2 protein chains.
Amino acid sequence: MHSEIKYWFLRDHKLFRVLSNDQLKQLCVITGFKEGKKGDIIYFSDSKEPRIYFLKKGAIKISEVDVNGNEITKEIIQKGDLFGELSLDTTIANNEFAQVLTNSVTICSFMLKDFEALMEQHPDLALSYTKLVGLKFKKLKNSYSNLVFKDARSRLIQFLKDWAARDGNETLDAIVIENYLTQQDIAHIICTTRQTATQLLNQLETEGHLKYDRKELVLDKQFVLQN
Amino acid sequence: MHSEIKYWFLRDHKLFRVLSNDQLKQLCVITGFKEGKKGDIIYFSDSKEPRIYFLKKGAIKISEVDVNGNEITKEIIQKGDLFGELSLDTTIANNEFAQVLTNSVTICSFMLKDFEALMEQHPDLALSYTKLVGLKFKKLKNSYSNLVFKDARSRLIQFLKDWAARDGNETLDAIVIENYLTQQDIAHIICTTRQTATQLLNQLETEGHLKYDRKELVLDKQFVLQN
DNA sequence: CTTATAATGTCGGGTAAATGACAAAACCGC
DNA sequence: GCGGTTTTGTCATTTACCCGACATTATAAG
């Protein structure tokens, strides 16, 4: 691929459409360009030079592992989304990392300080970015509430609905999702154990709401619309 | 109090120091000035005219109640802090409200749209604001991890340490906090029941780590530093 | 001081979900 | 195809915490 093309990857994100070509070049995404395959770890949050990443193709998860090896997944990042040190804060450490879920990903990235400089010059950009962070903040608040108020089954259903909305292809009476998540992955997202996730998925399948296999997930349309 | 003085309340927050007097006046905080007493509800998140609030004096909690009447407290706001529609997003509903904890509070506020307009003109402001929201985002991520990884006792201890850091007065071998929280309040913060919170507090008291009563909380300094 | 109200203390039973352990099935590289 | 590895299925046991109930104590209000 010609490197000229790589420069314009960021245009896929509405945040960067307000920028001129020269401004976009300031971010110097070429050096931050990379491809990855399933299982690769993209970054650790305590890296010396904080960056922001743009996912051009594929899907990744943002996770944290505690001292006992327990993992939770805080967010699934899809094609066209940003991740990394979005909070612009580099003082408080957190043990987050990003791992590739799909067979391959394409990523470009830029340094936090370059981005901040650009925002100083471009108030539009700063405001849009603030809203982007604000939205992610709000979504996490929502996950937090769900975790406290709802049981594992409800959280699973909620997740499946969200996944369908983000990633599903509608057919006549179903929504089909190309499945790049194991039941273990799903368990981490809804904050439960693998065994519980398995049981609940089978329970939902028995009830006729979905069909799960390693390749794809088919959700009953009625089921997704209700609840 | 002269209304001229009220205008400059916001100067207490470092976010607003970059602004000129005229710019600060644009926010029109006078109309949003109010005092409140313990138990008062300051705002609901689904209000028609979203605002951002600055807490000049006192302490409040940001909570959510679900359909069954269960409550969680997402954040304690102290003197000098901002709250309200900080995410700048008005599309997704969440049932948050703010309630006064201390005997009295002093608050000023301004409308979201005025603030956004100001950020458009003042990239510095937008950038600082993003960092502020980013920090809150990061703190919530931390609470989320704690909720999943740690048991109620650990979460209580973590909360007490945070509270001591924010609000405590150091003595020779203890940290004294003026107590404006009931055990029910604390339970909401650490996402457990009142009964569990009570048991854990008494357990910690029996172990000699603290002394809790309705007026004040005394934490053993060793205890706060360790763990 | 008296009484109402709110906050704290305590206990036993019930339960969702974790844990650990193992088997079966699906997938992948060769 | 075969053999190793990953993923999924199932179950019996344990546990942290919830839930409801009630007694006791502190605080506020008349």
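Fair warning: this is a prediction, and the values are worked out from it, not measured in the lab. Residue numbering restarts at 1 for every chain, and letters A, B, ... go by the order of the sequence lines.
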For the helix from C/dC1-D/dG30 to C/dC30-D/dG1, what angle lies between the axis at the first five pairs and the axis at the last five pairs, to 10 degrees? 50°

Within residues 177-186 of chain B, those residues having any heavy atom closer than 4.0 Å to DNA chain C are B/T182, B/Q183

OG1-NZ distance between B/T102 and B/K37, expressed to the nearest 0.5 angstrom: 12.5 Å

Under 4.0 Å between a Lys/Arg side-chain N and an Asp/Glu carboxylate O for A/K211 and A/E205? no

Do B/K138 and A/E64 meet the salt-bridge criterion of a basic N to acidic O distance under 4.0 Å?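 Between B/K138 and A/E64 there is no salt bridge, as every charged N stays at least 4.0 Å from the carboxylate O atoms.
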
Stepwise, does the side-chain hydrogen bond (donor to acceptor under 3.5 Å, both in side chains) test hold for B/S104 with B/K57? CA-CA 8 Å; B/S104 70; B/K57 182 185 145 231; 2.8 Å; yes

Show the numbers, then the answer: is there a salt bridge (charged side-chain N to carboxylate O under 4.0 Å, His left out) between B/E85 and B/K48? CA-CA 11 Å; B/E85 292 298 340; B/K48 302 247 164 30; over 6 Å; no

Would you tell me if any nitrogen or oxygen in the side chain of A/T192 comes within less than 4.0 Å of OP1 or OP2 on C/dA18?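 Answer is yes, contact under 4.0 Å.
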
Base, sugar-phosphate, or nothing: which does B/N202 touch, judged by heavy atoms less than 4.0 Å apart?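 Here B/N202 touches the backbone only, sparing every base.
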
Minimum-distance nucleotide to [X] side chain [options: [options]]:
X	options	answer
A/T198	C/dA6, D/dT8, C/dG20	D/dT8
A/D151	D/dC19, C/dA17, C/dT19	C/dA17
B/R194	C/dA16, D/dA21, C/dA18	D/dA21
A/Q195	D/dC17, D/dC19, C/dA21	C/dA21
B/R214	C/dT10, D/dC18, C/dA7	C/dA7
A/A152	D/dC19, C/dA17, D/dA26	C/dA17

Among residues at least two apart in sequence or on other chains, which ones pass ring-ring contact (aromatic ring centres under 6.0 Å, His included) with A/Y212?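 Testing A/Y212 for ring-ring contact (aromatic ring centres under 6.0 Å, His included), a comparison that skips the adjacent residues, returns none.
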
Let me know the distance between [atom1] of [X] and [atom2] of [N], rounded to the nearest Å.
X	N	atom1	atom2	value
B/D213	D/dT27	CG	P	8 Å
A/K215	C/dA26	NZ	C1'	9 Å
A/K150	C/dT15	NZ	C1'	20 Å
A/L210	D/dT8	CG	P	14 Å
A/Q203	D/dT10	CD	C1'	14 Å
B/Q199	D/dC18	CD	P	10 Å
A/L101	D/dT7	CG	C1'	15 Å
A/H188	D/dT7	NE2	P	11 Å

For A/D185, the option from A/R194, A/K61, A/R214, A/K38 that meets salt bridge (Lys or Arg N to Asp or Glu O under 4.0 Å):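 Among the candidates, only A/K61 passes.
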
Are A/I72 and B/S145 side-chain neighbours, meaning at least one heavy-atom pair lies under 4.5 Å? yes

Of A/T193 and B/Y212, whose closest DNA chain C nucleotide lies nearer the 5' terminus? B/Y212

Cation over ring, A/K141 on A/F137, under 6.0 Å and within 45°?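 Flagged: A/K141 positioned over aromatic ring of A/F137.
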
Only one of A/F33, A/Y53, A/F16 passes ring pair (Phe, Tyr, Trp, His ring centres under 6.0 Å) with A/F110; say which it is. A/F16

